[in-house]
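Report on one structure; see the data block that follows.
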2 protein chains.
Amino acid sequence: MTTDTLNIRQMCDAFDVTPRTLRFYEAKELLFPIREGQRRLFTKRDRARLKLILRGKRFGFSLEEIRQLLDLYHMDDGQEAQLSKTYVLAERHLADMEAQKAELEEAIGELKEQMAWGAEKLAQLAKEKTAAA
Amino acid sequence: MTTDTLNIRQMCDAFDVTPRTLRFYEAKELLFPIREGQRRLFTKRDRARLKLILRGKRFGFSLEEIRQLLDLYHMDDGQEAQLSKTYVLAERHLADMEAQKAELEEAIGELKEQMAWGAEKLAQLAKEKTAAA
DNA sequence: CGTTACGTTTACGTGCGCGTCAACTTTGCT
DNA sequence: AGCAAAGTTGACGCGCACGTAAACGTAACG
């Protein structure tokens, strides 16, 4: 059994981020590594959260938005008071993501069109060069 | 026929951005409004580009990345030299977008799971309250 | 016991994407 | 002619998401 916690270096290697980034996320209350003396130890929970953080970033969400949403994935049975509020937040977030998906599909379609045009252009040019030879 | 160009105010209203943003995009060579005296007039081409800029931003691309990609949508027959290079860029961009789409779909799935869990929790709580009454 | 490696805090610096004045033209009413 | 509205060019400011350097702690190894 491998202690189930990672030190900062292992964590950085695992997710391709810098120590500064992890400390920054902790300061912003996105991660909560436990301490062994003054050193940080990142738990399974931190790894799950970091995965979601990096995903959120790729989708263009700010760290503050991400912080609020993280609660969603880590609600335990203690915080019923917040549950309803968090659920509403999640609904909005889901709507955002589905809108983004739709727009992304449209954009992919348009880009493919453009590329088809470009491919045709390139074929033409290749032909001209062959003809000139 | 309505002159086919928009002044800065009309452009701002049409896309819900500020004048500062449009001037900034021009400075960064993302837009190329023509000048009537010293005033800017935004053409159909600028409107098409701005639409793509705002879309790119929603997908989390930087303005510099967007600038490079914009050429893709505005290649005319003059720049054959760049065409091939731009095409390669487009392929990478397309791959990025499709990867993003896949990840987005996964994320949507996971979020829905979480929400189902939350919904169940909420139902439980409602039931308990009813029982207590 | 020194020094090397790894981690820590504190703090200032940086690039991006604009916001926000200030000072100045230009245009369109009245 | 006068004056407000709309637009222009600097220039500085700001929040975010870290980068980077300085100074310090500590555990391990030869």
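Proteins get letters first, then strands, A, B, ... in listed order; numbering begins at 1 in each. Quick caveat: nothing in here was measured; it's all calculated off a predicted structure.
Candidate nucleotides dT9(C), dG19(C), dC18(D) were compared by shortest atom distance to the side chain of T21(A), and dC18(D) ranks first. In the set dT26(C), dA17(D), dG7(C), the nucleotide with an atom closest to the side chain of I8(A) is dG7(C). With dG17(C), dT8(C), dT8(D) as the candidates, the nucleotide lying closest to the side chain of K57(B) is dG17(C). Across dC18(C), dG25(D), dG19(D), the shortest atom-to-atom separation from the side chain of R20(A) is found for dG19(D). Here the nucleotide nearest the side chain of R39(B), chosen from dG7(D), dT9(D), dC18(C), is dG7(D).
Atom C1' of nucleotide dA23(D) and atom CD of Q38(A) are separated by 13 Å, given to the nearest angstrom. To the nearest angstrom, C1' of dG7(C) lies 16 Å from CE of M11(A). Atom CG in L31(B) sits roughly 14 Å away from atom C1' in dC18(C) (whole-Å rounding). Atom CG of D13(B) is separated from atom P of dG7(D) by 9 Å (rounded to the nearest Å). Following rounding to the nearest Å, Q10(B) (CD) and dA6(D) (P) show an atom-to-atom distance of 12 Å. For E65(B) and dG17(C), the CD to C1' distance is 14 Å, given to the nearest whole Å. Taking atom CZ of R58(A) as the reference point, atom C1' of dA17(D) lies 16 Å away to the nearest angstrom. In this structure, the CD1 atom of I53(B) is 11 Å from the P atom of dG17(C), given to the nearest Å.
Under 4.0 angstrom from either OP1 or OP2 of dG19(D) there lies at least one side-chain N or O belonging to T18(A). Remark: Y25(A) is in phosphate contact with dC18(D), judged by side-chain N or O atoms under 4.0 Å from OP1 or OP2. For the pair R35(A) and dT9(C), the criterion of a side-chain N or O lying under 4.0 Å from OP1 or OP2 is met. Checking the phosphate oxygens (OP1, OP2) of dT9(D), a side-chain nitrogen or oxygen of R40(B) falls inside 4.0 Å. In terms of phosphate contacts, N7(B) brings no side-chain nitrogen or oxygen within less than 4.0 Å of OP1 or OP2 of dA6(D).
When only modelled atom types and interatomic distance are considered, Q68(B) and E64(B) share a side-chain donor-acceptor pair under 3.5 Å.
Where R9(B) and F24(A) meet DNA chain D, the nucleotide closest to each residue was compared, and R9(B) sits on the side nearer the 5' end.
For D46(B) (side chain) and F32(B) (main-chain N/O), a donor-acceptor pair under 3.5 Å exists by modelled atom type. With hydrogens and angles ignored, the 3.5 Å screen pairs a side-chain donor or acceptor of R49(B) with a backbone N or O of L30(B). A donor-acceptor pair is defined here as one N or O able to donate and one able to accept, closer than 3.5 Å; such a pair exists between the side chain of R47(B) and the backbone of F42(B). T21(A) contributes no side-chain N or O that, together with a main-chain N or O of V17(A), makes up a donor-acceptor pair within less than 3.5 Å.
Of all heavy-atom pairs spanning Q10(A) and T5(A), the tightest one is OE1-O, 4.2 Å.
Using a 4.0 Å heavy-atom criterion, one finds that R23(A) contacts the bases of the nucleic acid, with or without backbone contacts as well. Within 4.0 Å (heavy atoms only), K28(A) reaches no atom of the nucleic acid at all.
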